[in-house]
Amino acid sequence: MDSTFEMVAKTFQGLEEVLAEELRSLGAENVMPGRRMVAFTGTLETMYRANLQCRTALRILRPFFKFRAPDADSLYEHVKEYDWSRILSPDKTFAIDTVSNSDEFRHSRFVTYKVKDAVVDWFRDRDPEGKRPGVRLQEADVLINVHISGTEVTLSLDSSGESLHKRGYRVAQTDAPINEVLAAGIILRSGWRGDCPLVDPMCGSGTFLIEAALIAANINPGIFRRGFAFERWPDFDAELFDRLYNDDSGERPVAHKIYGADISPKAVAIAERNIKSAGVARYIQLERKPLSAWTEAPQPAGVVVTNPPYGERISVDDMDALYALIGTKLKHVFTGYHAWIIGYRDEHFARIGLAPSEKIAMMNGSLECSLREYVIFEGERKDFVRRGGKIGRGEDRPAASERRRYDRADRPDRRDRDDRRRRPDDRRPAATPGERFRRAFDSAAEEPENPLARRRNPHALKMIQGRTPSLKPMEGPLMRPKGWRRKDKNQDQDQ
């Protein structure tokens, strides 16, 4: 195989840019973020590093065969044309994972069976005794990923095996724990790297705390795993992998504590077990404490990251009161902090009572969630900005495609448009009423679908205030008398 080859790293929606930056830092080339994936090129070392060190990757795929298949028969024939002796032998086992986004191939299980039949038949046709590799659903020697988009089919080797979110340190869990990759991605997206305290006041099984400790100490998340699929490949370089696995030269001391708490004694006990399993207990201060008991925050001011209940799999007696309490504690206890909260329902976020500086659409399991940042400052917003405070991430803000459609950040900044109107060289001749209507119609068509997000026009409001309708009062009864249609019909007949 070539020394440099194509790869694809899978991730969650909203974390593509974070993963792309991780891959660049590992030396990957031609890094191109996509939808829930990042394409890149590199060597075996790049692939090993991506599996060991990427915190926001779910799996690393190595494409080896691409073709077009308009129907099932064509799919079977193309798969059977490949030289499968390059990656399989009769004494090996294999498994197939299929992702299909196609009108022709709507059922991934059907695709899986079709590809499996083609691979098995390739070996049977070439072996006098009909020997062929076996199919094994768990811990197979070779994992084949089938991706179909329309008629485009890509076969890849899955170098990771189990999803990379399964770090290996979790020994127990609470109900609905947050995914490790998602937790790490939220922390990295916040910009936190261990240079200030991090707090999770509703820590559950401690996932945010552990991932934060691994980030702060620069510990590779893959060192806890039992193994990777690429270790069973024919070209596996054991010496290279051992050197990368045992290299801890990048680890660093943690300057600030990480603080976690939860109201549930069971959750705190589970978090403590997981923290000890990950070997990061010295970096984390854990206690049983309800959110209502927080009266002061660790200093200097840092970052709050938390995943409160959504009311789906985990609920409390009064969800509105919980989110209102979150807002109260942020405003009065965590002043100076940046808070990052992932949630599911807009009405719950509204109870927080603070305007988010950023919204990012994210998937948490099967739920379409939103990650929101709140900048907590004293006094008025304008005074905070005047003192040099910043709200939002400026050039680091995510692309519009990564945010919800109703997010105001998707729309052009109105102040910039006002500045352009004031420039003499940009002035245009006065528009006719028809032109003004057409421009207003065109601009409205380009706006987001939610019309309630638009600001009201104060000048138009002034024009209509205090006025009465100019229509003439109606003469006669408000409604036609009952049976008027029948009466007219009878009159027509009489005529």
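No side-chain N or O of Thr43 forms a donor-acceptor pair with one of Thr4 less than 3.5 Å apart. No side-chain donor-acceptor contact under 3.5 Å links Tyr76 and Glu81. Side-chain contact check for Tyr48 and Asp237: no donor-acceptor pair (N or O, by modelled atom type) lies under 3.5 Å. Side-chain atoms of Ser357 and Glu373 form a donor-acceptor pair, as typed in the model, at a separation below 3.5 Å. Defined by atom type and a distance below 3.5 Å, a donor-acceptor pair is missing between the side-chain atoms of Arg106 and Ser100. Side-chain contact, Asn30 with Thr41: a donor N or O sits under 3.5 Å from an acceptor N or O. Thr306 and Asp200 share a side-chain donor-acceptor pair at under 3.5 Å. With hydrogens and angles left out, the side-chain atoms of Arg170 and Thr207 include a donor and acceptor closer than 3.5 Å. Judged purely by distance below 3.5 Å, without hydrogens or angles, the side chains of Asn220 and Tyr245 never pair a donor atom with an acceptor atom. In the model, Ser249 has a side-chain atom that pairs as donor or acceptor with a side-chain atom of Asp247 under 3.5 Å.
Side-chain contact between Ile210 and Asn274 is present, with at least one heavy-atom pair separated by less than 4.5 Å. Looking at heavy atoms from C-beta onward, Lys257 lies out of side-chain contact with Ile284 at the 4.5 angstrom threshold. Two residues are said to be in side-chain contact when any heavy atoms from C-beta on lie closer than 4.5 Å; Ile341 and Leu330 meet this criterion. Side-chain contact between Ile215 and Arg55 is present, with at least one heavy-atom pair separated by less than 4.5 Å. Within the 4.5 Å cutoff, the side chain of Ser108 has no heavy atoms near those of the Val99 side chain. Using a 4.5 Å heavy-atom cutoff, the side chains of Ser156 and Arg62 are not in contact.
With a 6.0 Å radius and a threshold of 12 heavy atoms from other residues, nucleotides or ligands, Arg273 has its CZ atom at or below the threshold. Annotation for Leu354: atom CG counts as buried by contact number, over 12 foreign heavy atoms lying within 6.0 Å. Within a 6.0 Å radius of CD in Glu104, other residues, nucleotides and ligands contribute more than 12 heavy atoms.
Ring pair Tyr337/Phe334 is perpendicular by interplanar angle, where above 60° counts as perpendicular and below 30° as parallel. Aromatic ring pairs are classed by plane angle as parallel below 30°, tilted from 30° to 60° and perpendicular above 60°; the pair His348 and Tyr323 is parallel.
Taking the ring centre of Phe349 as origin, the terminal cationic atom of Arg372 falls inside the region bounded by 6.0 Å and 45° from the ring axis.
A salt bridge links Lys276 and Glu272; the closest N-O separation between the charged side-chain nitrogens and carboxylate oxygens is under 4.0 Å. A salt bridge is defined here as a Lys NZ or Arg NE, NH1 or NH2 lying under 4.0 Å from an Asp or Glu carboxylate O, and Arg49 with Glu45 meets this definition. With respect to Lys80 and Glu77, no salt bridge is recorded, no charged nitrogen being found less than 4.0 Å from a carboxylate O. Arg68 and Glu152 are joined by a salt bridge, as a carboxylate oxygen and a charged side-chain nitrogen come within less than 4.0 angstrom of each other.
Shown are Glu358, Glu22, Glu16; of these, the salt bridge (charged side-chain N to carboxylate O under 4.0 Å, His left out) with Arg189 is made only by Glu358.
One finds the CZ atom of Arg225 at 9.5 Å from the CD atom of Glu231 (value rounded to the nearest 0.5 Å).
Looking only at distances, no side-chain donor or acceptor of Tyr374 sits under 3.5 Å from a matching main-chain atom of Lys331. Under the 3.5 Å distance criterion, the side-chain polar atoms of Arg36 are left unmatched by any main-chain donor or acceptor of Leu15. Arg232 contributes a side-chain N or O that, together with a main-chain N or O of Ala140, makes up a donor-acceptor pair within less than 3.5 Å.
Between Tyr82 and Trp122, the ring centre distance reaches or exceeds 6.0 Å. Annotation: Phe105 is not in aromatic contact with Phe110 [ring centroid separation under 6.0 Å not met]. Ring centers of Trp340 and Phe208: at least 6.0 Å apart, outside the cut-off.
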Legend entry - Derivation of the ring pair (Phe, Tyr, Trp, His ring centres under 6.0 Å) call for Tyr259 and Trp294: CA-CA 12 Å; Tyr259 300 86; Trp294 283 85; 7.8 Å; no
